[in-house]
There are 2 protein chains.
Amino acid sequence: MKPKNITSADVARLAGVSRSTVSRCFKADSRISDNTRKRVIEIADQVGYQVNKIARSMITRESDLVGVVSSGLHDPFAVVLIDQLITTLQQRGLHPILLDASNETQLEISIKKLAQYQVKSIIITSGSPSSAIGAQFVSLNIPVILLNRAGQLDQANLINCDNRTGSTLAAKALIEAGHRNLAFINSKNSTYSGTKRGEFFEQALALKIEAGEITLHQVLPSKTGYVGGYEAALDLLKNLDHPTGVYCATDNVACGFIDAAKFEMGKKIPEDVSVIGFDDLPIAARAPYNLSTIRQCPTDIAQATADCIQTIDTSPKPKRIIIPVKFINRGTVAPIKIA
Amino acid sequence: MKPKNITSADVARLAGVSRSTVSRCFKADSRISDNTRKRVIEIADQVGYQVNKIARSMITRESDLVGVVSSGLHDPFAVVLIDQLITTLQQRGLHPILLDASNETQLEISIKKLAQYQVKSIIITSGSPSSAIGAQFVSLNIPVILLNRAGQLDQANLINCDNRTGSTLAAKALIEAGHRNLAFINSKNSTYSGTKRGEFFEQALALKIEAGEITLHQVLPSKTGYVGGYEAALDLLKNLDHPTGVYCATDNVACGFIDAAKFEMGKKIPEDVSVIGFDDLPIAARAPYNLSTIRQCPTDIAQATADCIQTIDTSPKPKRIIIPVKFINRGTVAPIKIA
DNA sequence: ACTTTTTGTGCACACGTTTGCACAATATTA
DNA sequence: TAATATTGTGCAAACGTGTGCACAAAAAGT
C-alpha cells in the first residue's frame, strides 16, 4: 500500500511531455506522432511503467474483468469448461475472476461482489440468478451469460449445448442395438441440462413407449454425479430383468454406474448393459471406461461465450445460442444378447 | 459504460449527510453514531448502492484481488488445489483472478497483467517466475507465493508439501512388502515436486542400493501425466524381470501406469506389480484403481496460502512452509510373490 | 501570400472513493 | 460553572488515469 507507484506523470516528466500524451501513447487509436510515441514507450519500459488499470477503469467506467461463477470444480465438465474459458478469455484480453456459488444465497452474494468490480460481464455456470438480482444487473448494464442453465430472466444471454439432438442420438443408438428395456439416470436435484436430457430422451422414445415396444425407467438417485451413478447401478441391476440400455445425464454419472456395475454387481460392460454418457470428458476415452458418449465441446462454448461478451456492446439484444453435439461411439454400446 | 452509477454522493444527499459519512458507514472501525449508520445503510440498500471497489482501490492503493496463475486445469491436482483456493480465498474476502501460463513467456506476460490490477498477492502453481520479474514484484511490493514450486527468487514465499516424508513412506511400504526391484516413474520435463520426489525416494533407498539389496529404475517417459504413466508401463513391463514395486510421481501417472499394465500388458495389480501414487486425488479412491498413495491435502495448502497472504503485511519476511503428508494404503501394495 | 484543413500536444475536469484535519456538539471532570 | 475530553460529522485533497476542448504549428489548397 505504501510504496509510491510509477505513474504516467513520472514518464511524462522524463520524456518532457504532458500526461495526456503519455496516456495517448498507450491507446491504439490516438493521434500521436510516431516519434514521440516511440520515445515515450521506450522511457516507460525503462522505468518499468505499467498503466494502472484500476485508475483506467475508474475513468472509463469499464474493465476487462469478467466474473465467472461456478459451484466449485467438483463437476468434471465444469473443470474442462472453465479451463477453456480461462484461456479463451485471456486470449481476448479479458480476465476472469472466479467465484464459488454452491447455493442460491451464496450465488446472490457472489454476484453482488462482482458488481462492485465493474465487471464487463458475468458468466454463470451453476445455479440461476433470481430475477431480482437479474434486474439489478440489467439496471447496471452488466450482461449476464448463462451456460447450460435455464433462464427465468429473459435479459440473460443463453448458451446451451444441443441437449435435444444429443438425447435423440442416444435413443437412436440404443434402439438400433436392439435394446427394449431402457433407463435414464440423472439425479434427484438435477441441473437444468440433466433434466432436459431426460425430457428429450423420453420424447425421442415417446412413440415406441406408447406402442409398448419400449419401457423407460427414469432413475433419480439421491446423490449427484459419480456416486449417484454408482448408487443407481446398485439399485437398478439387482433384479434379473434389469434395463440393458442406459443413458446417463453425464459421463461422470456413467463412470459411477459402470464401476458399480462391474465391481459391485459383477456385470460386464457392454455385454450385460450398454451405457451412453454425455460430455465426452477426457476420462471417457481411457481404457477402464472406453465410454460411448455425446460430445459437447467446451472450446466451442468458450468461444461462443467470448464472442457474446465482445459483441454485446454493438448488439445488446440477449442471445440464444445452441452448441452442436456429436455422438462418439466407443465401446460401451453392444447389440442386445439374445436370451 | 454509459449509465450513471449510484454513488456515495447520491446516498449522502438522500440521507442528508456528507459523502465522508457514507463512506465511513461501510468501514467497520470508523466512529459513526449507530443511528446515522443504520439510516445510511438502509437508504443505501433501498437505492441499491454498492461501494465501488475500483474507486476504493484507487485511493487505498490496494485491492482484494489475488492473482492465481496455473498452466490450465489439465493437471488433476491443480484442479483440486485451485478449487480449494477459490473457496478459501472467497471465505476470506479475497477474489482470485485466474491466468493461464503454459510456458515461461506466457507466465511473464500474465504476471505483468496482474501487476496492472494492483493485486494483493500472486499465487503461482506452475512454472517459476524469472528472477527479473520477481525483482519487479519486490519493487512493487506485491508478494509472490510459490505452490509446490522451486524458488530461485528468495523473496518469494514457498509452500510445499512434504515430499521427503512422502517418498520415504513410499519406499518403506514397498520394502516392507518385500519388493527388491523398484522403479520411480516421473516425466522427462518434470515439475519441481516430481523431481524432488524422485530424489528423496532414491535417498531413502540409498543404503540398500549401495548394499546391492535393491535396484531402482528412474523412468522418465517423454510425456507427462496419465499418458506418461501409460507409456512407462508399456516400456517397463515388457521384460519378464520387470520391477515389482513402482512409485509414481503423481496419482495421475499411477492411473496411466495401472491402466496400461492391466489393459495392455495383461498384468494384475497389485499381484504382479505394486503401485504407489502421490496426491490422493478423488479418482484414487474409486473402484477401478483403489490406489495406495501419499495424500497431500489441498485444503491445508489453500489455508496456508490464505494465511500467508493475510499475515504478509505484519510479517513481510518470506515464509517457507511445509505441508504434512500421509500414506493412505488402499489396495495396490501387496507382498511380493515368491517365485 | 493568404486562407483553410490537418496534425500533434497541453489544460483541466471528471471518475468515486478514503482520510487527515478541523470543528461543533455533547459528555465528563474539577 | 468553567475547563477539558470525547464523539460525530464535514471539508477538501488526494489516488492515476482518459478525453473534450482549445490552440499552435505545419501542410494543403487557392
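Proteins get letters first, then strands, A, B, ... in listed order; numbering begins at 1 in each. Values in this document were obtained by computation on a predicted structure and should not be read as measured data.
At a cut-off of 3.5 Å, with distance as the only test, no side-chain donor of Ser23(B) or Ser8(B) sits close to an acceptor on the other residue. Neither side chain, Gln84(B) nor Thr305(B), offers a donor N or O lying under 3.5 Å from an acceptor on the other.
Side-chain atoms of Ser63(A) come within 3.5 Å of backbone atoms of Gln118(A) as a donor-acceptor pair (strictly under, hydrogens ignored). In terms of modelled atom types and a separation under 3.5 Å, the side chain of Arg149(B) and the main chain of Ile124(B) share no donor-acceptor contact.
Using a 4.0 Å cut-off, some side-chain N or O of Thr21(A) falls inside it from OP1 or OP2 of dG10(C). OP1 or OP2 of dT9(D) has at least one side-chain nitrogen or oxygen of Thr36(B) nearer than 4.0 Å. Dashed line: the shortest gap from a side-chain N or O of Ser57(A) to OP1 or OP2 of dT17(D) is not under 4.0 Å. For the pair Ser8(B) and dG16(C), the criterion of a side-chain N or O lying under 4.0 Å from OP1 or OP2 is not met.
Every residue two or more places apart in sequence or in another chain that forms a salt bridge (Lys or Arg N to Asp or Glu O under 4.0 Å) with Asp10(B) is listed here: Arg13(B).
Between the side chain of Ser20(A) and the base of dC11(C), at least one donor-acceptor pair of N or O atoms lies under 3.5 Å. Interface remark: the Arg19(A) side chain does not form any donor-acceptor pair with the dG10(C) base, using a distance-only criterion of under 3.5 Å. With hydrogens and angles ignored, a donor-acceptor pair under 3.5 angstrom links the side chain of Arg24(B) to the base of dG10(D). Counting atom types as modelled, Arg61(A) pairs no side-chain N or O with a base atom of dG18(D) as donor and acceptor under 3.5 Å. For Ser18(A) against dC11(C), no side-chain N or O and base N or O form a donor-acceptor pair under 3.5 Å.
Nearest to the side-chain atoms of Ser33(B) among the listed nucleotides dT19(C), dT9(D), dG16(C) stands dT9(D). Each of dT18(C), dT19(D), dT17(D) was ranked by its minimum atom distance to the side chain of Lys27(A); first place goes to dT19(D). With dT9(C), dC15(C), dT18(C) as the candidates, the nucleotide lying closest to the side chain of Arg56(B) is dT18(C). With dG16(C), dG18(D), dT9(C) as the candidates, the nucleotide lying closest to the side chain of Asn5(B) is dG16(C).
Between the CG atom of Asp10(A) and the P atom of dG16(D) there is a distance of 9 Å, given to the nearest Å. Distance CD (Glu62(B)) to P (dG16(D)): 14 Å, rounded to an integer number of Å. Following rounding to the nearest Å, Asn35(B) (CG) and dT9(D) (C1') show an atom-to-atom distance of 14 Å.
Remark on DNA chain D: of its neighbouring residues Tyr49(A) and Asp34(B), the 5'-side contact belongs to Asp34(B), judged by nearest-heavy-atom nucleotide.
Using a 4.0 Å heavy-atom cutoff across all strands shown, Phe26(B) reaches no nucleic acid atom at all. Note on Val22(A): nothing from the nucleic acid sits closer than 4.0 angstrom, heavy atoms only.
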